[in-house]
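Here's the structure, in structure tokens; my notes come after.
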Amino acid sequence: WDAFGLPAENAARERRVHPAKWTYENIANMRVELQRMGLSLEWEREFATCQPEYYRHQQKLFLDFLKAGLVERKESWVNWDPVDGTVLANEQVIDGKGWRSGAPVEKKQLSQRFLSITKYAQELLDAPDKLDRWPERVRLMQANWIGRSEGARLAFSLDGSDETVEVYTTRPDTLFGMSFLAIAPEHPLAAAVSARDPAAERFVAECCSRGTSEATIETGEKLGYDTGLRVKHPFIPDVTYPVWIANFVLMEYGTGAIFGCPGHDQRDMDFARKYGLDVTPVVLPPGADPATFSLAKEAYVGPGTIFNSGFLDGLEVDAAKRAAIEKLEKLGVGQGIVNWRLRDWGVSRQRYWGCPIPVIHCDACGVVPVPDDQLPVRLPDDVTFDRPGNPLDHHPTWKHVDCPACGKPARRETDTFDTFVDSSWYFARFCSPTAGVPMTKAAVDHWMPVDQYIGGIEHAILHLLYSRFFTRAMKDIGHVSVNEPFAGLFTQGMVNHESYRGADNRWLYPEEVEKRTDGSAAHRETGEPVTVGSVEAMSKSKRNTIDPGAIIARYGADTARWFILSDNPPDRDMEWTESGAAGAFRFTQRVFRLAEALDGVRAEMMPDAFGSAGRTLRRATHRCIAAVTEALEGFAFNVAVARLYELANAITDAERAAPEPGLAWARREAVETLARLGSPMMPHLAEEVYARLFPDNGHLVAELAWPEAEPALLVAESVTIAVQVMGKLRATIEVAPNAPEDIVLAEAMADPNVAKALEGKRVVKRVHVPNRIVNFVVAG
RNA sequence: GCGGGUGUGGCGGAACGGUAGACGCAGCGGACUCAAAAUCCGCCGAAAGCAAUUUCAUGUCGGUUCGAGUCCGACCACCCGCACCA
């Protein structure tokens, strides 16, 4: 149970219930639901991430990471809600305001802990090429997120000072096209300027309050402030350029500063045109005339030859990049580097309901790791949520401890881990869930990697990337032997449903809403009108969720399972509808009746020969084995279900056939197969049917090997061949399997309808695909 | 802006380049019943025809092929991810 996190804390604040109580009650409810569904889970391995028995090992892993140099402490910018006194995730900032308090969100710098995921950037980027059972889409999303780029880092000297400003660029070839240098509002140099320039301070403050919210990005308005500072060009020292603070420069990417080349970067172009800065083209498109080539509003980003650029003139873009980097390195002002979009993973959260970060702050010794023998650092139970901010911070005694190093009074860290940490290694813990260490080597070597991982596409980036990083880090400190945690990945689609709002604008659960025949909707009890919202992913906050318990209560678990699997391919999003549930229930009843009809028919030796109905049924049975097996292996559960319906229909046909030797045996075989192939979907019914057919067997279907098709029965007695004339179907003929071509063609031409279509035409080509199709190509 | 995906009956969806619409849901007609429920049988893309059958049809337009829902190109619509990433 991934059990730590914000929802529990919100429940605590809204309903005055302790997060632990709320969480364990939810777990209890969900456990009952999973058990009622009859899922084959190994409950001996159950645990919840909020149990000290779990998170103590997470704390140990963290300390191992710390020792291995995989943890850093850095200042970082966060979204700060001044009313709630807490840090907000980006998703919790709505239109620049805190989602709960509605207060304008501020940017604030906090000292946070970071896991060094960027040390593994190249490996994390490369390895998915070999994960051939991962969806291509997810591999691409991971690669884009990691975002490798090659370029140069170089230092610009400030005119009249010893200081420099570092920039990162992927286009060192365009350095001669520079017309300004721009820094992010959060850049240290911007702070220095602000200290003596109130107008600059106001500009920076405005940028920070607006942040990089969607509103600013959408309007795309580029805003800048000229600091009055100037920097020297690395290649032409006597020329200087203005230094601007610009809202479109991101502190988090590269160095937080760029050199502006309006001719060959659209953003720089927009900025230059707005503030009247120079635009010098330095890349000449193929075929363009250097004397007349100019740029108006569109930057040129294509290939070409460098000009207006001193020693780079005449080189192609790629060669110029190399030459520029070489020169920068020779001058000692820069070098070629690989840059990553991926940033280190900030794991500190100023929250109560999470795993405590096991370090202690001592005025004398600095940051001291909690010694292993003092783990776990337990969350205190006696906390209150009557004040904004982190309850751990307000707790009267919890954070006061003695320094493990010097023994003097010190403070516990009150931050907890991002809950993504909890889910980044649980799969390894499952291998040895009760071990006194995070995981035992023998167990993880036996089980890992996970053969088949299943999850929603919403986890395509963060959860999977973090787990991949954790696995590599755990390998480096000797816990596991594998590099990648998940050998196969299947991403299931989301289940969507309409959402409903009542008269008071509160969200309503679907079961509270009654649909009227005229299409309108009303509250089931009060009769008040209900606004029907869009069909969207089920979420607790919008209450558009369905409790499978209702179907289980009405029809039973097998019907619920059968129905859920029967309609949609599982990788596709679907809209939940119960319209097929009754049909699924009918089918479960029908399967039972098919078995009941065999009561009194004893299991005898397999007959030597079968009549035609028996042979037909046996072929259907064995074709079904092959088809269902293939469908299940490909996660096409809906197709597997369809094949089982076909088998049921074939059994019904056989029931109506005239009695013949061996037919009863064939029916028993078919019903047994139906139960066994259906057992993953409807296990309880399968066991009941099987026990009825073989009361003395003493085995469960679940214990039996998967059925295997007899190859001889997969070959049809006769095949239907489609006959086309010029690609249009004119008839179908029945022939023996693998019939000789001349016989097939003769029979095809003998068909009256085919003959009619061929009348008066000359056949110029005969296409024959054995057992499938004949096509006559005619002329005239 | 960049990247990816999807588009097939009234609905959910099947379909190694080879009979488009398997299977289910809904619907219509019938049997059984005093009646209902349950069950069973039949029909069920569109148009024409008494019928055999014919024509059209997998978002649009084109191409490759004996043959295209499937492969290729362009476009349209919707969905998802990332996004002033230098």
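Every heavy atom of this structure was used, including side-chain atoms; hydrogens, water molecules and symmetry mates were not. Letters A, B, ... mirror the listed sequences (proteins, then strands); counts begin at 1.
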Atom P, compared across B:C72 and B:U65: separation rounded to whole Å
16 Å
Aromatic centroids of A:Trp345 and A:Phe420 separated by under 6.0 Å:
no
Which part of the nucleic acid does A:Thr577 contact within heavy-atom distance under 4.0 Å: base, sugar-phosphate only, or nothing?
nothing
At 4.0 Å (heavy atoms only), tell me whether A:Asn649 reaches a base, stays on the sugar-phosphate, or touches nothing.
sugar-phosphate
Heavy-atom protein contacts under 4.0 Å, nucleotides 44-55 of chain B, coded B base, S sugar-phosphate only, - none:
---------SSS
Starting the side chain at C-beta, find the nucleotide from B:A86, B:A26, B:C84 nearest to A:Arg586.
B:A26
Which part of the nucleic acid does A:Gly583 contact within heavy-atom distance under 4.0 Å: base, sugar-phosphate only, or nothing?
sugar-phosphate
Base-contact (B) and sugar-phosphate-only (S) positions in nucleotides 4-16 of chain B, heavy-atom cut-off under 4.0 Å, - elsewhere
S-------SSS-B
Have a look at A:Ile461 and say if it touches a base, only the backbone sugar-phosphate, or nothing, with a 4.0 Å heavy-atom cut-off.
sugar-phosphate
Paired nucleotide for B:A20 [Watson-Crick or G-U wobble; both distances under 3.5 Å]:
none
Scan A:Val249 against the nucleic acid and name what it touches under 4.0 Å (heavy atoms): base, sugar-phosphate only, or nothing.
base
From CG of A:Leu594 over to C1' of B:C40, roughly how many Å is that when rounded to an integer?
13 Å
Just to be sure I understand the rule, does A:Tyr645 reach a base, reach only the sugar-phosphate, or reach nothing, if contact means heavy atoms closer than 4.0 Å?
sugar-phosphate
Both distances below 3.5 Å, Watson-Crick or wobble geometry, any strand: find the nucleotide opposite B:C56.
B:G45
Closest-nucleotide mapping onto RNA chain B: is A:Gln724 or A:Met251 further toward the 5' terminus? I mean the 5' end.
A:Gln724
Watson-Crick or G-U counterpart of B:A14, or none if no pair lies under 3.5 Å
none
Whole-Å C1' distance, B:G7 and B:A83:
26 Å
Does A:Asn339 use its side chain to pair, donor to acceptor, with the backbone of A:Ser149 at less than 3.5 Å?
no
May I ask you to check whether A:Asn568 and A:Asn638 show a side-chain donor-acceptor distance below 3.5 Å?
no
Under 3.5 Å, is there a donor-acceptor pair between the side chain of A:Asp278 and the main chain of A:Ser179?
no
So A:Tyr555 and A:Phe585, would you call those rings parallel, tilted or perpendicular, with 30° and 60° as cut-offs?
tilted
Looking at A:Phe271, does the NZ or CZ of A:Lys222 lie under 6.0 angstrom from its six-membered ring centre and within 45 degrees of the ring axis?
no
Could you give the distance separating B:A22 and B:G9 at their C1' atoms, to the nearest angstrom?
14 Å
Between B:A74 and B:C2, how far apart are the P atoms? Round to whole Å, please.
14 Å
Looking just at side-chain N and O atoms, do A:Thr491 and A:Arg137 make a donor-acceptor pair shorter than 3.5 Å?
no
Looking at B:C66, does its base get a donor-acceptor pair with the side chain of A:Lys765 below 3.5 Å?
no
Test of ring centre spacing under 6.0 Å for A:Trp576 and A:Phe563
yes
Any strand: nucleotide that pairs with B:A77 via Watson-Crick or wobble, under 3.5 Å
B:U6
Contact class for A:Arg656 (heavy atom, under 4.0 Å): base, sugar-phosphate, or nothing?
sugar-phosphate
If pairing requires Watson-Crick or G-U wobble contacts with both distances under 3.5 Å, which nucleotide is the partner of B:G1?
B:C82
Which residue, A:Arg590 or A:Asp268, contacts RNA chain B at a nucleotide closer to its 5' end, judged by nearest heavy atom?
A:Arg590
Distance between C1' atoms of B:C61 and B:C76 (Å, rounded):
10 Å
Carboxylate-amine/guanidinium contact A:Glu646 A:Arg643, below 4.0 Å:
yes
Are any of the side-chain nitrogens in A:Glu596 or A:Arg593 under 4.0 Å away from the carboxylate oxygens of its partner?
no
